[in-house]
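See structure below.
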Amino acid sequence: MSETSDSIDSDTIDAAVQPDAAPRGDSQVSRYKDRVLRIQTPLTVTLARSRVPLSRVISLVPGSMLTFDAHCDEPLTLEAGDHPIARGETVKIGDKFGMRIREIIRPVVED
């Protein structure tokens with residue numbers, strides 16, 4: 001890979017993504033972090049999950065009702081990229097719904 005003013009070497013990337021690594025090229029690291037933090041990721045709020053036969057899924061029509069074992073006061077789960085990151089409760093804001101974060105879920109670090 002050829003060096004340009006915008007290129008970042010592997011040491012700089014390591015320093016940016018590993019908090020314990022020594023910073024190298026602070027301005028490049030800062031620009032890299034800024035770019036990474038602008039990446040958008042899908043967020044999903046999950047009320048409940050259920051497994052149903054495919055025959056039930058293909059028979060769904062407008063007006064069909066699905067029931068779940070979860071109670072309406074159970075916490076919601078916030079996921080980013082299929083990874084749970086928080087739990088919270090449903091809130092109503094005007095005529096829309098939202099989620100109040102009550103707990104941040106710490107990632108499990110595997111050795």
Side-chain angles (χ1 to χ4, degrees):
M1 181 169 112
S2 63
E3 283 290 317
T4 65
S5 61
D6 285 339
S7 69
I8 300 175
D9 63 13
S10 63
D11 290 336
T12 303
I13 293 171
D14 289 343
V17 296
Q18 296 178 6
D20 297 334
R24 296 183 186 156
D26 287 340
S27 65
Q28 283 183 327
V29 171
S30 178
R31 283 187 302 196
Y32 177 77
K33 284 181 182 180
D34 289 343
R35 287 185 206 156
V36 169
L37 293 175
R38 283 193 302 250
I39 294 172
Q40 294 188 10
T41 186
L43 288 180
T44 305
V45 176
T46 304
L47 170 65
R49 293 184 188 272
S50 181
R51 295 183 69 93
V52 296
L54 189 54
S55 61
R56 173 74 172 115
V57 174
I58 62 174
S59 69
L60 293 174
V61 295
S64 295
M65 295 289 290
L66 295 173
T67 58
F68 298 91
D69 290 334
H71 296 281
C72 60
D73 58 346
E74 286 186 32
L76 305 171
T77 302
L78 178 64
E79 297 176 348
D82 294 327
H83 297 281
I85 59 169
R87 287 193 190 87
E89 62 190 16
T90 305
V91 293
K92 187 174 180 196
I93 305 165
D95 62 344
K96 303 204 185 270
F97 286 96
M99 177 180 173
R100 177 176 291 125
I101 305 296
R102 293 293 185 187
E103 172 190 5
I104 301 297
I105 300 171
R106 302 290 176 212
V108 176
V109 179
E110 297 179 18
D111 292 333

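Follow the hydrophobic side-chain contacts under 4.5 Å out from Leu43 and you reach Val45 in the same cluster. A continuous path of Ile, Leu, Val, Met, Phe, Trp and Tyr side chains, each step under 4.5 Å between heavy atoms, connects Leu78 with Ile104, placing both in one hydrophobic cluster. Using a 4.5 Å cut-off between side-chain heavy atoms of Ile, Leu, Val, Met, Phe, Trp and Tyr, with links allowed through other members, Ile101 and Ile105 fall into different hydrophobic clusters.
Ser30 places a side-chain heavy atom less than 4.5 Å from the side chain of Asp34.
Of the residues listed (Val57, Leu60, Val52), the one engaging Leu66 in a side chain to side chain contact (heavy atoms under 4.5 Å, CB included) is Leu60, and it is the only one.
Nearest heavy atom pair, residue Thr46 against residue Arg49, reads OG1-NH2, 3.7 Å. Contact detail for Ala70 and Ala48: the closest heavy-atom pair is CB-CB, 3.7 Å. Met65 approaches Arg56 most closely through the heavy-atom pair O-NH2, 2.7 Å. The shortest non-hydrogen separation linking Gly81 to Thr41 is N-OG1, 4.0 Å.
Counting heavy atoms of neighbouring residues, nucleotides and ligands inside a 6.0 Å radius, atom CG of Asp69 does not exceed 12 of them.
To the nearest 0.5 Å, atom NZ of residue Lys33 and atom CG of residue Asp26 are 8.5 Å apart. For the atom pair Leu76 CG and Thr44 OG1, the distance stands at 12.5 Å (nearest 0.5 Å). Rounding to the nearest 0.5 Å places CZ of Arg87 at 9.5 Å from CE of Met99.
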